[in-house]
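Taking it in order: structure first as structure tokens, then the write-up.
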Amino acid sequence: MRERQFFSVQNLSIRFGGIQALKDVSLEVKPGSIHALIGPNGAGKTTILNCISRVYKADGGTVVFKGEDVSRLKPHQVVSRGISRTFQNIELFSNMTVMDNILLGRHSKRQTSLLNDALFWGKSQRQEMQFRERVEEIIDFLDLQAYRNLPISRIPYGVQKNVELARALAAEPDLLLLDEPSSGLNVEETQDLAFWIEDIKEDFGITILLVEHDMRLVMDVCDAATAFNYGSVLAYGTPADVVKDPEVVKAYLGEEG
Amino acid sequence: MFWQMIVSGLAMGCIYALIALGFVLIYKATEIVNFAQGDIMMVGAFVAYTTLILFHVPYILAILMTLVFMALFGMVIERVLLRPLIGEPVFAMIMVTLAVGILLRSVAGMIWGYETYRFSAGMVDQPVRFAGVSLSSIHLWIMGVTVILIGALYFFFNRTKMGISIEATSQNQLAAFLMGIGVKRVFSNIWAIGAIVAAIAGILLSPIQFLNYNMGYIGLKAFPAAVLGGFGSVPGAIVGGIIIGVSESLAGVYLPGGFKETTAWIILIIVLLIRPEGIFGIQQQKRV
């Protein structure tokens, strides 16, 4: 008897024109772990995240999350199943404030009626207060207090990345997908990020699947890693083992001459 | 005389504002400039006329039926003609809206004929004396209804879940999907709202103009109003509409004949020359 899998991808394939971006990719993420996807540029790491969050429609394969096949859902249904994500090139609502952006992370949890909301009465009021309390906790956690009421277009890039992370957390996911969270951050910001990622796992109990190029970050915080090249899995194991794998070394550095 | 002109300009400005609002709402959410907005307004006015005058439905019920019908009408246009074009160049969709406008005009001509109707839409025209000025009650009605409608829309867009979904979709569709927002439903709803606003504009316009298959041309004048306010800005559409309405009304009295009809376009050209982003426009900044 096999225990029920928390999250797994089986035989995922997708083709863009003549390019086979993913070929029979299978991987499993253990609950409560931080799992990294690594590989050279164009290996298909972001494509996997896009297939999971249904931005792309995979040609074949399944994505199973908590016993349910989520690979046939519509893109807007994914968040309600407990999967939220961030993007490599920040996708925020740029004319809204930091606060409103994070509140939108809880949008799928709004349960009040049109009239109730318009009058802002009873249940709507209680819900809004609950939401804002939760958002304030996240703001405190990610040190966003100073930016709370500024529009996204007026805050620095590194902070925007944190807002995106905050918005993904506001959805209270069970699985968090991070696409190159450290890209564009300086050394200090990357260190903060490493602590936050560990805290998200420890304190919030959220499982994390991330695409990352910064090998130091991967070695420091991740429990497992899967390496890719040309849309196929090269190696799987602890980050320390994966980087020593001869196939992985070859993919990064080329063949020994 | 001056104050009467101001008030009648304000009333006309409210109509422009409502049509411009229709342009802006649909544009914001879907990036489509709906050139059929004026003709949808005409259909709304005719549907109200049909239920009220031809079928003798009681007033409130007739208006409600008109609004429900128009909401469905907007949704059908979106679903049947525009949704299949998602992913095509925006230009193609704008051409479709132009075609829809022409189509509506001819079909309305076939159904209701080409003559001009008198239609008071239940509003009684009587002079109202206010601070020594004699005003038309219809003008006051128009302003009152516009203010209430704008207030209702304000609450809808800022408070309700669907309103926030529409706002989010207009800023970033991809992120909206990830927040659990069904973008297709948002498009459908915004067309319904656009058509409802147009129908109300049509019902308000009929008593001060005439009801005619060609009345949608007035939608073209709402276009400078939207540009003046800053295309894509809701307060801009309202302010722009009112400025156009009032200047047109004043131009009719104080400037030589012919200026009244061209005022809107003169304002449009001046705006494009000195402040192309409009009064409340946000200048688009792309990170390079």
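No experiment lies behind these values; they were computed from the predicted model shown. In what follows, chains carry the letters A, B, and so on, assigned in the order in which the sequence lines appear, proteins first and then strands, with residues in each chain numbered from 1.
Atoms CD and CZ, on A:E128 and B:R159 in that order, are 9.0 Å from each other to the nearest 0.5 Å.
By a heavy-atom distance cut of under 4.5 Å, not one residue of residues 65-84 of chain B is near chain A.
Counted by atom type alone, A:E91 and B:N172 present one or more donor-acceptor pairs between their side chains at under 3.5 Å.
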Query raised in the report: B:F177 and A:V78: side-chain contact (heavy atoms from CB on, under 4.5 Å), yes or no, with the steps?
Result: CA-CA 9 Å; B:F177 268 130; A:V78 175; over 6 Å; no

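Within 6.0 Å of the CD atom in A:E188, the count of heavy atoms belonging to other residues, nucleotides or ligands does not exceed 12.
With a 4.5 Å cut-off on non-hydrogen atoms, A:R85 touches chain B through its side chain but not through its backbone. With a 4.5 angstrom heavy-atom cutoff, B:S170 does not touch chain A via any of its atoms. For A:R106, no part lies near chain B; criterion is any non-hydrogen pair under 4.5 Å. Only the backbone of A:L92 comes within contact range of chain B, with heavy atoms under 4.5 Å apart. Proximity to chain B is limited to the side chain of A:V55, based on heavy atoms less than 4.5 angstrom apart.
A 4.5 Å side-chain heavy-atom check between B:K161 and A:D117 finds at least one atom pair inside the cut-off.
Annotation for B:M179 and A:L104: closest pair SD-O, 3.4 Å, computed over non-hydrogen atoms. A:F93 approaches B:A176 most closely through the heavy-atom pair CZ-N, 3.9 Å. Nearest heavy-atom pair across A:H107 and B:I181 is CD2-CG1, 3.5 Å. When all heavy atoms are compared, the tightest approach of A:S53 to B:L178 is CB-CD1, 4.0 Å.
Among A:Q77, A:K74, A:M96, the residue with the largest count of heavy-atom pairs under 4.5 Å with chain B is A:M96.
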